[in-house]
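Here the structure is a predicted model, which is why all the values come from computation and not from measurement.
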Amino acid sequence: LLRAPGCQLDLSDCLTTRSMIALVVIALLLSPARALFMNASEEEAFKQSKISQATTSSPHHLMRDNTVYLYLDIYKIAGVDENAGTVSLKIWLYVMYLLPHLAWNMTENNLDGIIVPKGTFWIPDIAPYDVQDITYQSNSDQALLHQGIVLATTSLYHGHITCSFDVTHFPYDRHSCPFTFGQWIYDNLTYHIDVMPMFGDLDSLQLEYFTESDQWKIRGPVTIEKGQRHWDRIGYYNTMTYHLEIERKPQFFVFVLLMPTIVLVLLSSLTFVLPVESGEKVSLGMTILLSQIVALLVLNDILPPSSANFPLLGVYTLITIILISVSIVIAVLVINLSFCTDRDLPVAFGRVIRSVNFMHAIGLKSLPRAPGTVPPHKVNPSPREAFNDRDVTDKDEETDEMVERRQKDWKCFGEVIDRVGLIIYSVLTGAVTAGFLLKIMIQ
């Protein structure tokens, strides 16, 4: 913390990032034992001599380079409200400037800084431009360091900044959240604002005190953009815009929402596999359909109701709902066909279910050709009785045989529809799922 040999009042030569922060802490919290060569009365007299030179009005004509320096660091992402389009941030803000005529040689009295009541020195009118619902805790004292640095304000801001939410790739979404600090009353003819040169990179925040959030992380550096704003042709005001980009940590929503949705889609193909005799074909499809609708409602509660950026997960869920609905319709059709006995299967369909090559290709057995029937005869009947009995018996047995054959044909045709539907459904759901996963993860 000691001054470097030959150091005058050039901030970039005198201090480093860590030494400056340590100096601020010492100036605010150091006990009275810091003055080893001055007793209490001498220290108080020295303090009063510096206070007498202070001014509560803008000392821009006395400031080095006529510049007010800002040091800002993001402490924590307190919360994200996607429906309201805001991010809650806690921000540390230090406002300071350099008055060379108030500097002293620390080696003469071993006094590194003095603490003065708030309002002793002029406080620059630095204010957030686009932060809502601001609450802040400001230190009640100011500090003057031996280099002539006036620490005018140390504040912890807690406010909501407006973000541009794009939930298209939820839960792998990223959002841009710029926020601006700048002059409020005094324009740039009075003073300028800049980043403290001893804090390393002048183009981005250091994030040395950032506390990680469970749901969000900062993606890339928080860059700083210097600019100006013009108010009603009155004057130009310097601004510092901080470009914050946040990224969601997707693990929670992947395990709770994304993976169950995909698993339910894969399970829905079992609707085509269950036999008609189980009585659960339609029930299984309806259960999965209702589960997908619930997932869509949960997604609606989480994300903002925006038509501009509809999430791909919502589109995927909606497509699967349509596919599952079609599978239910096919299941109902197959059940009806399996109990159809009042008409013969059309010839073209009959050729399909008796085609060995086709049935083998879809994994089913073809039906054999319908054999001829041999009606039974009674033993030694009279000629008239034999004729009458054979006529009645032929009609009865022909009717029973036709009913059984028709039911078997229609049931086999229903199995063919199920198997072809399974193949087409699996291809469609697989393609939709693969395309969705590639689209959602590759931005």
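Annotation: the span from Q228 atom CD to I193 atom CD1 amounts to 10.0 Å, rounded to 0.5 Å. Q183 contributes atom CD, which lies 6.5 Å from atom OH of Y129 (distance to the nearest 0.5 angstrom). D81 CG to H160 NE2: the interatomic distance, rounded to the nearest 0.5 Å, is 7.5 Å. Put simply, OG1 on T271 and CD1 on I324 are 8.0 Å apart, with the number rounded to the nearest 0.5 Å. To the nearest 0.5 angstrom, I328 atom CD1 is 8.5 Å from I288 atom CD1. Going from atom OG of S88 over to atom CD1 of I161 covers 9.0 Å, rounded to the nearest 0.5 Å.
Looking at residues two or more places apart in sequence or on another chain, you find no salt bridge (charged side-chain N to carboxylate O under 4.0 Å, His left out) involving K90. In this view, R219 and E245, E247 satisfy the salt bridge (charged side-chain N to carboxylate O under 4.0 Å, His left out) rule, not counting sequence neighbours. Taking the salt bridge (charged side-chain N to carboxylate O under 4.0 Å, His left out) definition, one finds that K76 meets it with nothing, sequence neighbours left out.
The environment of CG in D214 is sparse: at most 12 heavy-atom neighbours from other residues, nucleotides or ligands sit within 6.0 Å.
In the model, N238 has no side-chain atom that pairs as donor or acceptor with a side-chain atom of Y186 under 3.5 Å. S268 and Y425 share a side-chain donor-acceptor pair at under 3.5 Å. Between D173 and H175, the side chains place a donor N or O and an acceptor N or O closer than 3.5 Å (distance only, hydrogens not considered).
Minimum heavy-atom separation, A331 to V282: CB-CG2, 4.3 Å. Nearest heavy atom pair, residue I440 against residue F170, reads CD1-O, 2.8 Å. Residues A152 and Y97 approach most closely at CB-CE2, 3.9 Å, considering heavy atoms. Across all non-hydrogen atoms, the minimal contact from P124 to V95 is CG-CG1, 3.7 Å. When every heavy atom of D194 is checked against every heavy atom of M240, the shortest pair comes out as C-CE, 4.1 Å. Across all their heavy atoms, P304 and N83 have their closest contact at CA-OD1, 3.2 Å.
The aromatic rings of Y71 and Y94 lie tilted to each other, with the angle between the two planes from 30° to 60°.
For D73 (side chain) and E208 (main-chain N/O), a donor-acceptor pair under 3.5 Å exists by modelled atom type. In this structure a side-chain-to-backbone donor-acceptor pair under 3.5 Å is missing from W92 to Y209. A donor-acceptor pair under 3.5 Å links the side-chain atoms of T239 to the main chain of G227, judged by distance alone. Not one N or O on the side chain of D141 forms a donor-acceptor pair closer than 3.5 Å with the backbone of I115. Of the possible donor and acceptor atoms, none in the side chain of D112 sits under 3.5 Å from a partner among the backbone N and O of L145. A donor-acceptor pair under 3.5 Å is absent between the side-chain atoms of S426 and the main chain of I423, judged by distance alone. The backbone N or O of D65 lies less than 3.5 Å from a partner atom in the side chain of T67, making a donor-acceptor pair. In this structure, T433 contributes its side chain and G430 its backbone to no donor-acceptor pair below 3.5 Å. Here the side chain of K249 pairs a donor or acceptor atom with the backbone of S213 at under 3.5 angstrom.
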**Message:** Go through it in stages, so that I can follow the logic: the residues are I77 and Q215, the test is side chain to side chain contact (heavy atoms under 4.5 Å, CB included), and I'd like the CA-CA distance, side-chain angles, deciding distance and then a yes or no.
**Reply:** CA-CA 9 Å; I77 299 176; Q215 300 182 26; over 6 Å; no
**Item:** L274/L284 under side chain to side chain contact (heavy atoms under 4.5 Å, CB included): CA gap, chis, key distance, verdict
**Value:** CA-CA 9 Å; L274 280 178; L284 176 62; 3.9 Å; yes
**Message:** For L207 and I74: C-alpha separation, side-chain torsions, deciding distance, then whether side chain to side chain contact (heavy atoms under 4.5 Å, CB included) applies.
**Reply:** CA-CA 6 Å; L207 300 179; I74 298 176; 4.1 Å; yes
**Message:** Would L99 and M63 count as a side chain to side chain contact (heavy atoms under 4.5 Å, CB included) here? Give the steps.
**Reply:** CA-CA 5 Å; L99 298 179; M63 291 190 303; 3.7 Å; yes
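With a 4.5 Å cut-off on side-chain heavy atoms, Y157 and F179 do not count as touching. Here the side chains of T211 and Y75 are in contact, with some heavy-atom distance below 4.5 Å. The closest side-chain heavy-atom distance from V329 to S325 is not below 4.5 Å. Proximity of V276 to K281: side-chain heavy atoms (C-beta onward) are separated by under 4.5 Å at one or more points. A 4.5 Å side-chain heavy-atom check between I330 and I417 finds at least one atom pair inside the cut-off. When side chains are defined from C-beta on, F165 counts as touching V80, because their heavy atoms get closer than 4.5 Å. Residues K439 and Y316 are not in side-chain contact: their nearest non-hydrogen atoms beyond the backbone lie 4.5 Å or more apart. The shortest side-chain heavy-atom distance between F272 and I424 does not fall under the 4.5 Å cut-off.
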